[in-house]
Number of protein chains: 4
Amino acid sequence: MRFFSDNAAPVHPRILDAIAAANGQDTAYDGDALSKRLDGRLSELFEREVRVFWVPTGTAANCLALTAMCPPHGGVVCHRDSHIQNDEGGAPEFFTHGAKLMLAEGDGAKLTPATIADTVDAIANDVHRVQPHAISITNATEYGRVYRPDEVAAIGELARARGLGLHMDGARFANAVVATGATPAELTWRAGVDALSFGFVKNGGMNAEALVFFRPELAAATPQRRKRGAMLLSKGRFLAAQILAHLEGDLWLDCARGANAGAALLAEAAAGRLVHPVEANEVFLRVAPAEAASLREQGFDFYDWGPGEARLVVSWDQGADAIRPLADAIRTL
Amino acid sequence: MRFFSDNAAPVHPRILDAIAAANGQDTAYDGDALSKRLDGRLSELFEREVRVFWVPTGTAANCLALTAMCPPHGGVVCHRDSHIQNDEGGAPEFFTHGAKLMLAEGDGAKLTPATIADTVDAIANDVHRVQPHAISITNATEYGRVYRPDEVAAIGELARARGLGLHMDGARFANAVVATGATPAELTWRAGVDALSFGFVKNGGMNAEALVFFRPELAAATPQRRKRGAMLLSKGRFLAAQILAHLEGDLWLDCARGANAGAALLAEAAAGRLVHPVEANEVFLRVAPAEAASLREQGFDFYDWGPGEARLVVSWDQGADAIRPLADAIRTL
Amino acid sequence: MRFFSDNAAPVHPRILDAIAAANGQDTAYDGDALSKRLDGRLSELFEREVRVFWVPTGTAANCLALTAMCPPHGGVVCHRDSHIQNDEGGAPEFFTHGAKLMLAEGDGAKLTPATIADTVDAIANDVHRVQPHAISITNATEYGRVYRPDEVAAIGELARARGLGLHMDGARFANAVVATGATPAELTWRAGVDALSFGFVKNGGMNAEALVFFRPELAAATPQRRKRGAMLLSKGRFLAAQILAHLEGDLWLDCARGANAGAALLAEAAAGRLVHPVEANEVFLRVAPAEAASLREQGFDFYDWGPGEARLVVSWDQGADAIRPLADAIRTL
Amino acid sequence: MRFFSDNAAPVHPRILDAIAAANGQDTAYDGDALSKRLDGRLSELFEREVRVFWVPTGTAANCLALTAMCPPHGGVVCHRDSHIQNDEGGAPEFFTHGAKLMLAEGDGAKLTPATIADTVDAIANDVHRVQPHAISITNATEYGRVYRPDEVAAIGELARARGLGLHMDGARFANAVVATGATPAELTWRAGVDALSFGFVKNGGMNAEALVFFRPELAAATPQRRKRGAMLLSKGRFLAAQILAHLEGDLWLDCARGANAGAALLAEAAAGRLVHPVEANEVFLRVAPAEAASLREQGFDFYDWGPGEARLVVSWDQGADAIRPLADAIRTL
């Protein structure tokens, strides 16, 4: 009864099957048949030509995206509670060779054109100040909130107006697609997104994420950067296989639908205790220490999120049977 | 009939089984039960306390090792034909923040104390010259040669005398262990090696390599560097599982034994054409263009290695049945 | 009638004289007689053994100090309005290879143990978060405020307790010494400071600043880093000469005394308009746009500091004769 | 009687005068009147529009040039005995964020199209190999040899054909101009050079070198990089003043002419002992240890250059009176 993290969940059996099925001989690195299918398959999904790179972590996808948009002497506007700022051990600074993360505000870890402008406008345009080159947003956010297509588009417009790149950290992109009912295209490039870190691991994958460039010219040096970042796995076909299997028959959407539904059940049970509206697969609750202890005694595992708050993350494999006991336990606190 | 690269070979079924068996819930990153077993299991194998980190590529292992030994303003002595110099897209420079690779000579891509001294002695000890901080050797080398324990020890002695760290790139460490008959301990720390990139992928693994530190203090910042390098996979248990399965019942040695034996068969067939003595699983042949074409027409795939030379790599899965046709074809050239 | 910046002021004639006097033959880089006198001369000034490096900019001094205290994967706590965060074009990130500046609050750009703790305590001690390794304070601050020895010591104590290095950006250290009446020792190492960027250029120098290490072991790799940072000037004797001349007969204190006194006169004239208490050589005023325009029409040059605010900086060469007209103009606004 | 290095020589009095004359108030950094004259003045000298940046060291000029031509994942072809490879403490790797120096051969530290091609052709064009992005040549070279315009042009043609940038390290550019009798334009952009490190310090300057871009678009991010490299001096007018004074009345050519003439006298005296033809201001001699000791006993100071070789560098201030005694001493060895 683990609600600690969607990273703790098992891998979906169809992903495992795809890995096993990929186990023949093929060219190393990304020269194999499966890796070569990625551009086409994701171009289809996104309804436009895209360039795709498998990578072993979401952090890798984020960092290769940012490096394609921001020079070492530049900056990236992001939310002060974003993953790239707080949870990647300085990887964005490492891969960009020292670009500066420029922190902006926003409810539920969501940026808005206004909060972005607040941050950017405070920066004098001279050689002494690091200048912004990109914006990075997360969908769904660290607090389980989602950007709808129009919200992304408003930021996309500001990005274009100011000559900034726009990156979306989509570690939980599937949950955002399900939550908004938007198409992948509507939620990304049609709204001005230049590159997407398309996450699969938190959604039932094993160790393959996809970095998707909607402007192919941005990807010109990404093959070199992926290699140089020690992330060009020699048997890349096993990563490509995971991504293709996840897209097959909309498995990725089914997994996210299940997780979001579970979170909705918990949200219902926790009405009145919610710190943030529940839109994806994360639930932030106000719980007294004694209440948290009681839940843990009943076998529910979760993450303390500051004093008096708990984070519950629902994974793709937790159906109603797994959720109901926790929902009941929350109701009876 | 592929002799192109051991990276093109399939994954051993026992590795796949271990991945499947690891597919339950567990703590993310390296907090899971399998990852926690690595230090102990490899300490046993190496007959001393070691610190171990799984990483998704050999390049990652090499780079994290070098970064632990060499500051940004330092240098690493390596062979001019080494993998870190020629085949990692500048990853060593990236991870070390610009340390300099100092190229040395040596037959068969093997360094010797004398060739290392030649390189190091040419460097005036002043602030204008980048100073050496480490030596990196590869066992087995890019040309399929192996260092015996006494050869490593001679380099280890020089390293200690000059205050340099000693790294071994063991992408094909298993082949070297089999070839020399040495124990893992004899071939590494007993001979002065401080850190080993212990390769599994070329030897039937999927995407897990082990970075082994024989001096635990060297590893003090490696957790941070692995994270910052975007290589702390969120479901690390699937990497740990591969390494543990590979060590189980000496599968790693069996795989390497098979590959080395295949190469020996080819070497026998190619006597008189060998560019380098065949000691591990690689065979470098002199072949005229017409001969190379003839082999390819017969369905044998391999890598051209400069004019008039070919590289044949034997993989763990290529038994006598796979090898004999090629051996015969070479004999009848 | 320029109050724009102390960087716009002329060089003190005695500094020019010292440069001319240094114009003989001597060993290049820092092997000359003058450079060799620095350690001794500043050890005397600071009443303990110190290691000193001349550098051509204050940014260089700051960055070499931070690099000595903070690894690439670490962080440096500083004020959100500090020079290293806002005015060095990302140089700290460049020299530290991507360390993160961790922004803290504080009145008048002064940190306190409490505001530092607020920032540091919010950082979970795990591998996903960049961990703080150093604190950097500026004395006098960007807003012309000074830290007294006891204030520095309180921060020094916190630094020691948490295992953090403590750097002081002393671009206007002379003004702080004059303002507090403290000795150089009291304001630095006796209060826990590990390294000081000792500024001379804003105080009548030309292009030499001193980086002073109070813990010599911190400086172990600084010669290499200065060289690698392209800052080991080949005729370093002309930098050393400036620093020595500045210290000769307390010229540095005389210059700062003059500038502080000028600022005090302006502060008196501007009572009621002051944004910050005036303690060093900077005066921040509330002025309506029309008032600012009026001052400019009268020939006074200064920097707009956000809406309705102006920054006036007094330089070493601006005696009462230069100050009084501006003081009068402010009074009659 | 110092022939150790042209860095040990005094500053020319006209440079000192220019510094003194610059000592008024002016805008900080490079906003002053003198700095603003540089582009125009050097455009005139080079007979085309150029972009110029003052920097405090030749290493800084070299590194900013290379960074403008080569991404972190790229490489720069240079001579194995070049200054950027051997004498800058890894600064090129630092400023380029880890680009690789690709070593090529050539007599007298001179590259030729053939030796460059040897190096470049050995690099397979795939993602595993660092690809060359630029060539850097030194004129005059480390061994006092010069490239004539046609020799530069041959390299420039190769650079263009292969899409590589071409940088000239002109720490002793003045000596090369004098030696070849070419115009500055003929020796640089007319021969395909994209950027020149135009040295003044070794030629009687104090601490200002000029980085000259012949393709202005290459300089787009150089202001940011200079700032970020901590090399935007706050009183830049004193650097600009030096450069302008050096160009005034061809002082730079007079200084170099004197030094070259002195070296020619020594070369005449040392005929039969010369390791390299003497073309600029450096003389490399074969001397037995006893001979070297004898010269030193007579008061001549110089640099041992490997076993049995000595390097003598003649400076701008060493006229026939200074040279003759050494010439005589060499003759009578």
Checklist line | Value rounded to 0.5 Å, distance of CG in Leu244(D) from CZ in Phe200(D) | finding: 9.0 Å
Note to self: What verdict does the side chain to side chain contact (heavy atoms under 4.5 Å, CB included) test give for Leu42(D) and Ile243(D), after you've listed the backbone C-alpha separation in whole Å, the side-chain angles of each residue and the deciding distance to 0.1 Å?
What the structure shows: CA-CA 10 Å; Leu42(D) 280 104; Ile243(D) 295 169; 4.3 Å; yes
Notebook entry, point to check: side chain to side chain contact (heavy atoms under 4.5 Å, CB included) between Phe238(D) and Leu34(D): does it pass, once the steps are laid out?
Noted result: CA-CA 8 Å; Phe238(D) 294 102; Leu34(D) 295 172; over 6 Å; no
Could you list every donor-acceptor pair linking chain D to chain A (distance under 3.5 Å, backbone and side chains)?
| from | atom 1 | to | atom 2 | distance (Å) |
| --- | --- | --- | --- | --- |
| Pro72(D) | O | Arg228(A) | NH2 | 2.9 |
| His97(D) | O | Arg228(A) | NH2 | 2.9 |
| Gly98(D) | O | Arg228(A) | NH2 | 3.3 |
| His128(D) | ND1 | Lys227(A) | NZ | 3.1 |
| Lys227(D) | NZ | His128(A) | ND1 | 3.1 |
| Arg228(D) | NH2 | Pro72(A) | O | 2.9 |
| Arg228(D) | NH2 | His97(A) | O | 2.9 |
| Arg228(D) | NH2 | Gly98(A) | O | 3.3 |

Next item on the list: For residues Leu158(A) and Ile135(A), determine if any side-chain heavy atom of one lies less than 4.5 Å from a side-chain heavy atom of the other.
Entry: yes
Next item on the list: State, with a plain yes or no, whether a side-chain heavy atom of Val52(D) is found less than 4.5 Å away from one of Phe213(D).
Entry: no
Next item on the list: Check whether Pro71(A) gets within reach of chain D through its side chain, its backbone, both or neither, counting any heavy atom under 4.5 Å.
Entry: neither
Check: Taking all non-hydrogen atoms of both residues, which atom of Ala245(D) and which atom of Ile15(D) are closest, and how far apart?
Finding: CB-CD1, 4.0 Å
